[in-house]
Colleague: 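Pasting in a structure now, in structure tokens, and then I'll have a few things to ask.
All ligand and atom numbering here is 1-based and tracks the order in the structure.
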Amino acid sequence: MNKTCDVIVLGAGAAGMMAAATAGQRGRRVVLIDHATKLAEKIRISGGGRCNFTNLNVRPECYLSQNPHFCKSALRQYTQHDFIALVESYGLGWHEKTLGQLFCDQHSGAIIDMLKAECERGLVTWRMGTAVAGVRHEGGQFIVEAGEEVWQAEALIVATGGLSIPQIGATGIGYDIARQFGLNLIETAPALVPLQLPPESLLAEISGVALEDTIASSGKTRFREASLVTHRGLSGPAILQISSFWQPGGEIVLDLAPECDLDEFFATASRDAHVGNVLGELLPRRFIDAWLDEEMRTRPLKQLSPKQVSALKEKLRRWVLRPSGSAGYKKAEVTRGGVDTQALDSKTMMAKAVPGLYFVGEVVDVTGWLGGYNFQWAWSSGHVAGLNA
Ligand code: FDA
């Protein structure tokens, strides 16, 4: 059956719902199509069920992209404060957890309900559980075969996300559409993802042990947050953050005691105490037992040569690791890379060479840090496309 509207939005996730609501509230007739039966599953599972919906410190430097300037316009047109105002207008409470990260007081479903209500205000038509068989462009119209219907519109907003968490519906359709229309793609990779370690560095026996204060670095990029030992390697916020910058084959370096002046610490430590007990003041005992060999751990500090003390300080300050890989798209919070921003107008998110075709959210080569930055990109990019489509 053929249907006509003004704007077709593919993907009813964070960016797609925002785009659909914005376009609908401008009076555009919008259809929102998704193959999943449930709306915005990633919002539902985000932030441990509380949705870390934005960050007070959003700024362009918190995003990775081949063009670091690309995100500026959208982030300026629709800021974190705009989204906070929307949340508050629905009577939802929020709180800052740490580092500017804002979480919902209610369950993350409240954010989905809010976006759904915004779409309803814009009289958006829904087509959930609807597979998209193909997209064509004929006579200035985009034609989308979706389930039993064929939708036609002068604007198409692609908001189908990245490849992360295929188990809840992620597909590469957005990249396929970009390719079909001749847009360049930046190679994708899992990001904000646990890292795996080779057998010689694994501490699997203490999986679950957290190091509350660490600095993870890769090249010049550093993040100071907690790290977590896992069965296969490392996770935790510092590791997830640095994973977005890590390249296969490369190193990461962990400072295990950033707050501590190690020279002073060792100078004032009890000379008779065993090394393991001395380090127990800095790090969880279980970690030390797995991380340091027994011979070193059980020696009194006074038996260590100055060279050995220096080596210990160096290992605490710079634990150098060469991950064997990442946990992949199944565990990645986001996908790095995607539709090349060179192909898009940063003010509108429209493809420069294909009038009426827009890409928003994670499908675009803009990847935020951990901490609400990715949702803010979805809201901002979705909003500007909705204003222009
Ligand atoms: P999103 O993935 O949300 O939506 C894409 C939609 O397209 C989906 O509904 C999907 O079903 C649909 N789709 C895909 N293929 C299709 C096809 N072939 N046909 C039709 N529809 C199709 N970020 C943050 O800022 N704060 C947080 O707290 C978290 N927490 C978090 C936890 C976990 C576990 C994950 C996996 C991710 C996060 N994120 C996050 C990241 C955040 O979820 C992500 O950046 C946004 O959801 C991206 O929004 P999009 O709308 O671009 O894609």
Colleague: For residues 204-215, which residue pairs qualify under salt bridge (charged side-chain N to carboxylate O under 4.0 Å, His left out), counting only residues two or more places apart or in two chains?
Modeller: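 For residues 204-215: Asp213-Arg224.
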Colleague: Checking side-chain polar atoms at under 3.5 Å, does Gln376 have a donor or acceptor matched by the opposite partner on Thr54?
Modeller: yes
Colleague: Cut-off 3.5 Å, side chains only: do Thr335 and Ser164 have a donor facing an acceptor?
Modeller: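 A donor-acceptor contact under 3.5 Å links the two side chains.
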Colleague: Below 3.5 angstrom, do we get any N/O pair linking Ala15 and ligand 1?
Modeller: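 By distance alone, the answer is yes.
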Colleague: Quick test: of every protein heavy atom, which one is nearest to atom 36 (C) of ligand 1, and how far off is it to 0.1 Å?
Modeller: Ile165 CG1, 3.3 Å
Colleague: Polar contacts were defined as any N/O atom of the residue lying under 3.5 Å from an N/O atom of the ligand; does this apply to Thr171 and ligand 1?
Modeller: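 Looking only at distances, the answer is yes, because the N/O contact criterion of under 3.5 Å is met.
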Colleague: Please determine whether any non-hydrogen atom of Ser164 lies less than 4.0 Å from an atom of ligand 1.
Modeller: no
Colleague: Pairs of nitrogen or oxygen atoms closer than 3.5 Å, one from Ala14 and one from ligand 1: do any exist?
Modeller: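 There is such a contact, yes.
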Colleague: Go through ligand 1 atom by atom and flag the ones less than 4.0 Å from a non-hydrogen atom of Ala159.
Modeller: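 Those of ligand 1 that fall under 4.0 Å from Ala159 are 5 (C), 6 (C), 7 (O).
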Colleague: Determine whether any heavy atom of Thr160 lies closer than 4.0 Å to an atom of ligand 1.
Modeller: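 Yes, Thr160 has heavy atoms under 4.0 Å from ligand 1.
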Colleague: Can you list the atoms of ligand 1 that are under 4.0 Å from a heavy atom of Gly361?
Modeller: 52 (O)
Colleague: Is Arg28 atom CZ crowded by more than 12 heavy atoms from other residues, nucleotides or ligands, each under 6.0 Å away?
Modeller: yes
Colleague: Would you sort out whether Asp113 and Lys116 count as a salt bridge (charged side-chain N to carboxylate O under 4.0 Å, His left out), showing the intermediate values?
Modeller: CA-CA 5 Å; Asp113 292 343; Lys116 189 164 178 242; over 6 Å; no
Colleague: Distance under 4.0 Å to a non-hydrogen atom of Gly13: what atoms of ligand 1 satisfy this?
Modeller: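 The list of qualifying atoms is 3 (O), 4 (O), 6 (C), 9 (O), 51 (O).
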Colleague: Can a donor-acceptor pair be found, under 3.5 Å and without considering hydrogens, that links the side chain of Ser380 to the backbone of Tyr78?
Modeller: yes
Colleague: Is Ala40 in contact with ligand 1, taking contact as a heavy-atom separation below 4.0 Å?
Modeller: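 Flag not set, Ala40 not near ligand 1.
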Colleague: Using the side-chain contact (heavy atoms from CB on, under 4.5 Å) definition, which of the options Val132, Val144, Val31 pairs with Arg127?
Modeller: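 Of all the options given, the one that passes is Val31.
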Colleague: List ligand 1 atoms under 4.0 Å from Ile173, heavy atoms only on the residue side.
Modeller: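 In order of number, 15 (N), 16 (C), 17 (C), 18 (N).
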Colleague: Could you check whether Gln141 and Glu154, counting side-chain N and O atoms only, form a donor-acceptor pair closer than 3.5 Å?
Modeller: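 Short answer, no.
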Colleague: With sequence neighbours excluded, what pairs up with Asp105 under the salt bridge (Lys or Arg N to Asp or Glu O under 4.0 Å) test?
Modeller: none
Colleague: Before signing off on this row, confirm whether Thr130 and ligand 1 have an N or O atom pair separated by under 3.5 Å.
Modeller: no
Colleague: Ligand 1 and Gly47, any nitrogen or oxygen pair closer than 3.5 angstrom?
Modeller: yes
Colleague: Taking only heavy atoms of Gly11 into account, list the atoms of ligand 1 that are under 4.0 Å away from them.
Modeller: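 Atoms satisfying the 4.0 Å criterion: 6 (C), 7 (O), 12 (C).
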Colleague: Please identify which atoms of ligand 1 are closer than 4.0 Å to at least one heavy atom of Tyr373.
Modeller: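 In order of numbering, the contacting atoms are 25 (O).
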